[in-house]
There are 2 protein chains.
Amino acid sequence: MATIEDVAKLTGLSRTTISRVINNHPYVSEEKRKLVLEAMEKLGYVPNSSARSLRNQKTSILALFIPRITNPFFSELVEATEIAAAEHGYQLIICQTRYSPEKELNYMNLLKTKQVDGVILASIQNEWKQLKPFLQYGPIVLCNEFDDCANVPTVRLDQVYGGYIATKHLLEQGHTKIAYCSGGYRSNVAKSREIGFKKALAEYKLTFDERYAFRDAFHIADGKRVFRQMMALSNRPTAVFTGSDEVAAGIISEALACGYRIPEHLAVVGFDNQAITELTNPTITTVHQPVKQMAQKAVDVMIEKIQTKKYDVQEIYEFPLQLIVRASTVGSELHQSEA
Amino acid sequence: MATIEDVAKLTGLSRTTISRVINNHPYVSEEKRKLVLEAMEKLGYVPNSSARSLRNQKTSILALFIPRITNPFFSELVEATEIAAAEHGYQLIICQTRYSPEKELNYMNLLKTKQVDGVILASIQNEWKQLKPFLQYGPIVLCNEFDDCANVPTVRLDQVYGGYIATKHLLEQGHTKIAYCSGGYRSNVAKSREIGFKKALAEYKLTFDERYAFRDAFHIADGKRVFRQMMALSNRPTAVFTGSDEVAAGIISEALACGYRIPEHLAVVGFDNQAITELTNPTITTVHQPVKQMAQKAVDVMIEKIQTKKYDVQEIYEFPLQLIVRASTVGSELHQSEA
DNA sequence: GAAACGAATGAAATCGTTTTCATGTTTATA
DNA sequence: TATAAACATGAAAACGATTTCATTCGTTTC
């Protein structure tokens with residue numbers, strides 16, 4: 001492998017001058033610049049990134065923390081983040097915490113060992129006080145997930161509003177017995193949606209019924225299970241709010257398989273506006289999350305923090321959520337367009 | 001940030017000894033070892049990975065090339081690859097080529113600049129002769145996608161067989177007018193499936209009808225479009241082979257929306273055995289691909305190549321495909337179990 | 001009791017860049 | 001025309017680790 005020294009030798013110039021050419025610094029004569037470029041071409045020279053990283057104290061790599069990538073919401077987030085990072089000349093390392101606090105802390109060492117320039121947390125498995133000490137090693141940006149205690153930039157969506165509009169929509173259809181599904185107790189995203197859910201209920205003078213709450217629903221299979229659990233209740237709900245389209249699809253699938261009709265017997269609202277919402281029959285009413293914009297903003301903010309080196313500032317960037325009404329909640333009437 | 005020098009100063013020892021402790025080298029007295037570990041703890045010292053990479057000529061990072069991660073097949077591949085890499089102490093950089101040869105070549109420079117120790121290609125956008133020169137900079141392992149010209153380790157599935165069993169299944173149901181769907185002309189995966197498709201037809205003395213071929217179907221929306229195109233044909237097919245469950249789901253969804261019945265009016269077979277195959281009604285007959293095993297093997301082979309430094313050996317590791325019969329091809333009869 | 005060996009440690013070179021500082025050469029300015 | 005300013009270049013230090021080679025000391029071995 002050719003090094004800068006080889007280029008220097010071949011051209012008869014110093015390493016300094018070669019470096020100047022590489023980095024487009026001024027004060028290199030046009031003649032020498034040509035010479036250097038030719039030599040680099042001839043030797044197939046390309047700068048070694050480890051050496052650059054060491055010298056520049058910067059790797060041009062970001063880490064993105066997610067629980068698991070096969071959740072389509074996170075796939076979409078990763079896709080958008082990778083594209084945004086690439087536009088800024090950054091590479092993206094994927095860290096799947098698999099909902100494990102230990103794995104999360106372990107991946108955090110990427111920041112401490114300077115293997116990455118910054119960490120974007122799209123999910124959080126530890127208390128913030130466990131994570132906070134890592135801030136001394138580099139920037140952390142929260143994206144999607146959030147924590148009020150965290151004194152770092154946060155790009156988020158108004159999940160309280162999301163839970164609210166979805167639930168209000170069900171209430172407006174005349175439902176009073178509404179079940180609640182979410183994925184995980186730890187996530188503030190889930191907690192916020194629950195607050196919005198309760199807020200909507202309260203406006204209709206209804207109280208939250210714990211027997212209608214299912215907080216361990218992540219996948220399609222969980223949706224199927226939840227449906228069976230709901231139907232086993234003495235006072236069955238007539239509608240259900242879910243934290244993901246996958247769970248909603250699972251519920252619908254199981255309901256149809258059991259001979260129920262959607263939304264007549266059970267109205268279902270999903271979350272995320274994934275592709276499957278248009279696939280199932282009936283199609284799924286859901287809440288659209290502007291994932292691309294969120295990811296793009298998170299990367300932009302991250303780059304800025306890397307440059308300014310001020311990591312411990314709590315800035316909140318919030319994007320709007322939007323209810324998409326489809327057939328799983330409103331029967332055969334005409335649906336609202338998707339905007 | 002504390003460096004090894006700081007630890008040396010605090011303990012009154014040399015950098016050499018500290019390094020020995022870090023790397024578990026012999027010839028360090030237990031007394032000094034304790035001393036060093038305490039000092040490292042006290043200073044919060046952790047080795048700088050750029051410095052290590054430079055000195056050791058090794059980054060402990062792998063790059064995984066995929067077209068886009070939101071394709072569930074690739075999500076699954078990334079998930080499994082990341083887990084396998086982590087088990088070996090490697091990080092994973094995601095490279096989405098977005099079907100662009102230029103982007104692919106650009107990402108290839110990660111190998112040349114030594115930012116990664118190896119590249120796993122799960123999709124190929126260039127001719128092998130474009131890629132081959134990068135072999136001098138580090139190992140390339142093919143995983144899922146393949147190329148007969150490529151003199152590198154290849155972990156693959158028998159796609160000819162996959163196309164064959166899926167098609168044969170349709171033929172066995174009595175179909176003679178079978179349409180063919182795939183994603184992309186460039187992929188050898190798609191080409192192989194087509195060979196298997198034709199082979200099955202040939203066994204039944206049928207010939208391939210180009211009017212039944214749709215080679216630009218990737219997403220759900222493409223499936224919907226393809227269905228409409230098929231129905232516009234003068235001599236409509238009664239069955240269709242697709243290269244992905246998403247496309248199959250799109251076809252089924254559109255068919256149902258247009259008032260057709262599956263499989264009575266159209267039998268549909270998908271590929272990948274994604275979660276949606278169990279969601280749609282009818283459920284989708286498909287071909288299961290052992291993605292986890294494939295990813296695991298690819299990482300294992302990669303690690304071995306990194307160690308042995310012999311990159312240009314063509315070794316082929318092949319995993320079996322399996323037909324999963326569901327309702328989209330066999331009506332209401334009892335289905336074969338999933339094994 | 002000298003030679004040989006193994007254990008424990010450190011000085012300095014090395015990995016491949018970038019940057020600081022110094023120096024020499026032009027060109028512009030008063 | 002002296003002099004400041006701009007341009008062009010290079011030597012050497014720095015980034016933070018690991019490794020090679022010496023060196024010292026204690027223990028066997030014959």
Side-chain angles (χ1 to χ4, degrees), chain A residues 1-37 39-40 43-61 89 109-117 137-138, chain B residues 1-37 39-40 43-61 89 109-117 137-138:
Chain A
M1 270 281 20
T3 73
I4 201 172
E5 180 68 31
D6 298 325
V7 182
K9 285 221 180 87
L10 184 60
T11 56
L13 295 166
S14 70
R15 294 202 299 271
T16 312
T17 303
I18 314 302
S19 178
R20 286 208 177 91
V21 172
I22 295 169
N23 298 287
N24 280 311
H25 285 174
Y27 303 149
V28 178
S29 67
E30 199 48 42
E31 173 204 4
K32 301 284 162 72
R33 157 169 271 111
K34 282 264 159 37
L35 191 64
V36 170
L37 290 174
M40 293 192 344
L43 294 170
Y45 168 80
V46 102
N48 177 299
S49 18
S50 299
R52 281 193 131 166
S53 296
L54 175 58
R55 176 65 223 213
N56 295 337
Q57 303 282 52
K58 151 177 215 332
T59 60
S60 295
I61 304 180
N109 284 317
L110 289 172
L111 202 56
K112 197 171 178 186
T113 61
K114 298 271 177 231
Q115 192 151 22
V116 302
D117 290 342
Y137 306 114
Chain B
M1 270 281 24
T3 73
I4 201 172
E5 181 67 32
D6 298 324
V7 182
K9 284 218 179 91
L10 184 60
T11 56
L13 295 166
S14 71
R15 296 203 298 273
T16 312
T17 303
I18 314 302
S19 177
R20 286 209 178 92
V21 173
I22 295 169
N23 298 288
N24 281 310
H25 283 174
Y27 303 151
V28 178
S29 65
E30 200 47 42
E31 172 203 6
K32 300 285 162 71
R33 160 168 270 112
K34 283 263 161 39
L35 190 66
V36 170
L37 290 174
M40 295 194 339
L43 294 170
Y45 168 80
V46 105
N48 178 297
S49 17
S50 299
R52 280 193 133 167
S53 296
L54 175 57
R55 175 64 223 216
N56 295 337
Q57 303 282 54
K58 148 176 214 340
T59 61
S60 294
I61 304 180
N109 284 318
L110 290 173
L111 202 56
K112 197 170 179 185
T113 61
K114 297 274 176 224
Q115 191 151 23
V116 301
D117 291 341
Y137 306 114

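Sequence lines set the chain letters: A, B, ... in the order given, protein chains first and strands last, and positions in each chain run from 1.
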Checklist entry - Are B:Ile61 and A:Ile61 close enough, and set up right, to give a side-chain contact (heavy atoms from CB on, under 4.5 Å), and what steps lead you there? => result CA-CA 11 Å; B:Ile61 304 180; A:Ile61 304 180; 4.0 Å; yes
Next on the checklist: Please check: side-chain N/O of B:Thr113 versus main-chain N/O of B:Asn109, any donor-acceptor pairing under 3.5 Å?
Outcome noted: yes
Item to check | Length of the NE2-P vector between A:His25 and D:dT9, whole Å | outcome: 15 Å
Item to check | Separation of D:dT24 P from B:Tyr27 OH (nearest whole Å) | outcome: 19 Å
Checklist entry - Donor-acceptor pair under 3.5 Å: do we get one between A:Arg55's side chain and the base of C:dT17? => result no
Next on the checklist: Is it the case that over 12 heavy atoms from other parts of the model lie below 6.0 angstrom from the NZ atom of B:Lys34?
Outcome noted: no
Checklist entry - Considering only heavy atoms, which members of residues 10-21 of chain A lie under 4.0 Å from some atom of DNA chain D? => result A:Gly12, A:Leu13, A:Ser14, A:Arg15, A:Thr16, A:Thr17, A:Arg20
Checklist entry - Rounded to the Å, how far apart are B:Leu54 CG and D:dA14 P? => result 17 Å
Item to check | Nucleotide C:dA8, atom P - distance to CZ of B:Arg33 in whole Å | outcome: 10 Å
Checklist entry - Is there side-chain contact between B:Arg52 and B:Asn23, with at least one heavy-atom pair below 4.5 Å? => result yes
Checklist outcome for this item: When rounded to whole Å, the CD1 to C1' distance for the pair A:Ile4 and C:dC15 reads 14 Å
Checklist entry - Got B:Arg33 and B:Asn24 here, is their nearest side-chain heavy-atom distance under 4.5 Å? => result yes
Item to check | Distance in angstrom units between B:Asn48 CG and D:dC15 C1', rounded | outcome: 8 Å
Checklist outcome for this item: Rounded to whole Å, CG of B:Asn56 lies from P of D:dC15 at a distance of 19 Å
Next on the checklist: Taking any heavy-atom pair under 4.0 Å as a contact, classify B:Val46: base, sugar-phosphate, or nothing.
Outcome noted: sugar-phosphate
Next on the checklist: Tell me the interatomic distance from B:Lys58, atom NZ, to D:dA17, atom P, rounded to whole angstroms.
Outcome noted: 17 Å
Checklist entry - Reckon B:Asn23 has a side-chain N or O less than 4.0 Å from the OP1 or OP2 of D:dT18? => result yes
Item to check | First encountered from the 5' end of DNA chain C, between B:Gln57 and B:Lys32 | outcome: B:Lys32
Item to check | Proximal nucleotide (of D:dT19, D:dA17, C:dT18) relative to the B:Pro47 side chain | outcome: D:dA17
Checklist entry - How about A:Gln57 and B:Asn48: do any of their side-chain heavy atoms sit closer than 4.5 Å? => result yes
Checklist entry - So which of B:Thr11, B:Val21, B:Ile22 actually passes side-chain contact (heavy atoms from CB on, under 4.5 Å) with B:Leu37? => result B:Val21
